[in-house]
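In what follows, residues are counted from 1 in the order of the sequence shown. All values derive from a computational prediction rather than experimental measurement.
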Amino acid sequence: MFPTFRLSMTWLHTWFGLVLGYVLIVVFFFGSLSVFDREIDRWAIPETRFAPQPMSSFDTMLAPIFARMTPEADELQAAAKRVRGPLSKTLAPMNWGAYTTHRDPVLSLYAEYAVPNNPDDPDDHVHGHVTIDPRNGRLLPDDRLKIGSEFFYPMHYGLNLTWKDLGYWIVGFAALVMLAALVSGVVIHRRIFRELFTFRPRKHVQRSTLDLHNLTGVVALPFHFMFALTGLTVFASIYLPVSETLLKPQAMAAAMADAKAKGLPFKPAGVQAPLASVDAMVVEAKRRWAARGMPGEVGYLYVNHVGDRNSYVTLYRAGSDRVTLVGQPIHFEGTSGRVLLEEPPPSAVASVNDFLTGLHLQHFEHWLLRWFYVFGGLSGCLCIATGFIFFVEKRKRQHAKAGTGGARWADAVAVATVTGMLVATLAILVANRLLPPEMAQRGDWEKASFWGAWVIAAAHALWRSAPVREARLSPAWAEQCSAIAALAFAAVALNWITTGDHLVKTLGERFWPVAGLDLALLVAGAIAATAAVALRHRAGVAVAETGAATPDDAETANA
């Protein structure tokens, strides 16, 4: 064991941070991108480059679209294996839903369809999804990948590993480790206030890297702790699914009792009945919200028990004017349009949960605060990346003398994770602009470009890691920084070529979703190019000072 508590915390901070840091930097980076996921969607899908719209008329536009919707083909294939006998070609809709935000130009519609004859699950159902232009009801292509909200966003909480919810569990465990790493970091750095103002970039790599690691960790410490804690809170029901496992009958009974107490029908009556004017319900909901001193638009519309006598409509206010994630739902009887329930303010416990959830998901309109989220997330990436570099720099000379390759492997994985992740992110944006719009399975090809680029970057990092065995800098850092710069500039140029939306035009029109991403890509490219030059210069100086062979010569000798 360790002679002091501080040394035990140092060990925990070092090894837990190293092993889980590879996951956490992915979480932080894609969490930062997710702050502007809708804007990335608009850059990636030029057909959606128009101003956000309010919820469209249900009676004249949405109802006919819902009536024409069908279940997803892959879900139907899976459902056919669960039922007894052939699956009906026409499934009855159970629920309809429409969702938008203050940053969404498009409107997302979804429907649930009942799947009969499943002996194992009487409530079996499948889903259908469409995305429409709310200005005219035009269906947008289904095969277009929403890179921001459907790829980058789930990457930060599930790593896009859906098998057995594996990604959720990996990220959840990493979040717990992060909390331990934050606490142990505070214990290790007793002079934490001094380190807030200490950065010596002209010192040797180990010293300046440790300074930057401490600085970024201390500056954003409350942010990092808050996001790790609230992330675990948001997904508590996944990590502890008691109601879906041990207490499922009790959970069902509680849901039925809650619906009865609210006067909401839990089950359909089995008697067909028409739906009253939902537009009139929207007018009444907006009047009631305004009367409570919080006027707003509808953000989420939900029709339960479609076409049944027990149908009801729930309207949620788009609460983008506050941090707390609440929608002030109002429930209407579907057949008459009368108000069944205007839900009261949540309890104290529920309010805390809503606030923590809203703090993490940041659906509010405060743009400056959103940028603070981005900088806080990127500071976490920088803190973890400098931790990787410090770990290698501290040990590579010892490993070189001992003839072991531990530092080489750690450095290669760090390169693959840090710069490789950026290469993959930019590769999917470049592929998005290069692939033909009419290409079949276009979204799958975009995803393949992301994972393929990351695999290539990882292989390159390992291939170019030989100099680390001689206690020198891996050339992969500089080379992948050059690749990042080239891809970033290429993405901006390709956006101009393929859409005509060059930066001068988008800035002149103040169309910030596209202009902002182009500017961010240019800044990222400039930083990456500067870093590549600096890294090559530092490597050259190190070779000159030691009188060693060039990195390429040494690599050839080691091959």
Side-chain angles (χ1 to χ4, degrees), residues 38 48 52-71 92-113 125 127-140 146 149 259 262-266 268 273-292 294-322 325-343 354 361 363 365:
R38 263 63 175 194
T48 67
Q53 306 291 316
M55 183 72 70
S56 304
S57 166
F58 183 92
D59 297 347
T60 60
M61 182 181 293
L62 301 187
I65 297 174
F66 276 123
R68 296 195 302 268
M69 286 177 60
T70 57
M94 299 167 56
N95 310 307
W96 288 337
Y99 176 76
T100 189
T101 73
H102 68 284
R103 294 161 46 228
D104 264 317
V106 299
L107 186 60
S108 299
L109 308 183
Y110 81 93
E112 290 183 345
Y113 300 87
H125 59 274
H127 305 86
H129 302 84
V130 297
T131 302
I132 69 168
D133 182 339
R135 301 171 301 178
N136 50 31
R138 180 173 62 92
L139 296 182
L140 297 175
K146 296 177 181 177
S149 60
K262 291 180 178 180
L264 304 177
F266 189 76
L275 188 65
S277 172
V278 176
D279 288 356
M281 302 179 202
V282 170
V283 172
E284 176 63 16
K286 293 168 70 172
R287 185 194 68 79
R288 287 174 176 255
W289 290 328
R292 290 166 59 180
M294 47 183 186
E297 296 289 337
V298 175
Y300 179 49
L301 182 154
Y302 183 71
V303 182
N304 204 350
H305 308 321
V306 173
D308 190 84
R309 187 178 64 191
N310 280 355
S311 67
Y312 65 92
V313 178
T314 302
L315 301 177
Y316 290 83
R317 178 178 173 272
S320 56
D321 56 344
R322 59 196 66 201
L325 191 67
V326 290
Q328 292 84 32
I330 301 178
H331 308 279
F332 296 84
E333 187 176 56
T335 55
S336 67
R338 69 181 180 90
V339 175
L340 293 175
L341 176 67
E342 184 175 357
E343 295 206 9
D354 290 341
L361 298 181
H363 285 306
E365 294 186 32

For Leu340 and Gly263, which heavy atoms make the closest approach, and how far apart are they?
CD1-O, 4.2 Å
Can you find a side-chain donor-acceptor pair between Thr131 and Lys146 that sits under 3.5 Å?
yes
Which salt bridge (charged side-chain N to carboxylate O under 4.0 Å, His left out) pairs, counting each pair once, include a residue from residues 92-104, with sequence neighbours left out?
Asp37-Arg103, Arg38-Asp104, Glu39-Arg103
Can you list the residues that meet the salt bridge (Lys or Arg N to Asp or Glu O under 4.0 Å) rule with Arg292, with sequence neighbours excluded?
Glu342
Listed partners of His129 passing ring pair (Phe, Tyr, Trp, His ring centres under 6.0 Å), at least two apart:
none
The criterion is ring pair (Phe, Tyr, Trp, His ring centres under 6.0 Å); which residues satisfy it with Tyr316, sequence neighbours excluded?
Tyr300
His331: what forms a ring pair (Phe, Tyr, Trp, His ring centres under 6.0 Å) with it, not counting sequence neighbours?
none
For the pair His305 (side chain) and Pro265 (backbone), establish whether a donor and an acceptor sit closer than 3.5 Å, ignoring hydrogens and angles.
yes
Test Ile330 against Arg288 for side-chain contact (heavy atoms from CB on, under 4.5 Å), laying out the working first.
CA-CA 9 Å; Ile330 301 178; Arg288 287 174 176 255; 3.9 Å; yes
As a quick check of understanding, evaluate side-chain contact (heavy atoms from CB on, under 4.5 Å) for Ser311 and Val306, giving each step before the final call.
CA-CA 6 Å; Ser311 67; Val306 173; over 6 Å; no
Working note: Phe58 + Leu275, criterion side-chain contact (heavy atoms from CB on, under 4.5 Å); need CA distance, chi angles, decisive distance, verdict.
CA-CA 11 Å; Phe58 183 92; Leu275 188 65; 3.7 Å; yes
For Val130, give me all partners under side-chain contact (heavy atoms from CB on, under 4.5 Å), at least two apart in sequence or on another chain.
Ile65, Met69, Leu109, Ile132, Leu139
Could you tell me the separation between the CZ atom of Arg338 and the CZ atom of Phe332, rounded to the nearest 0.5 Å?
11.5 Å
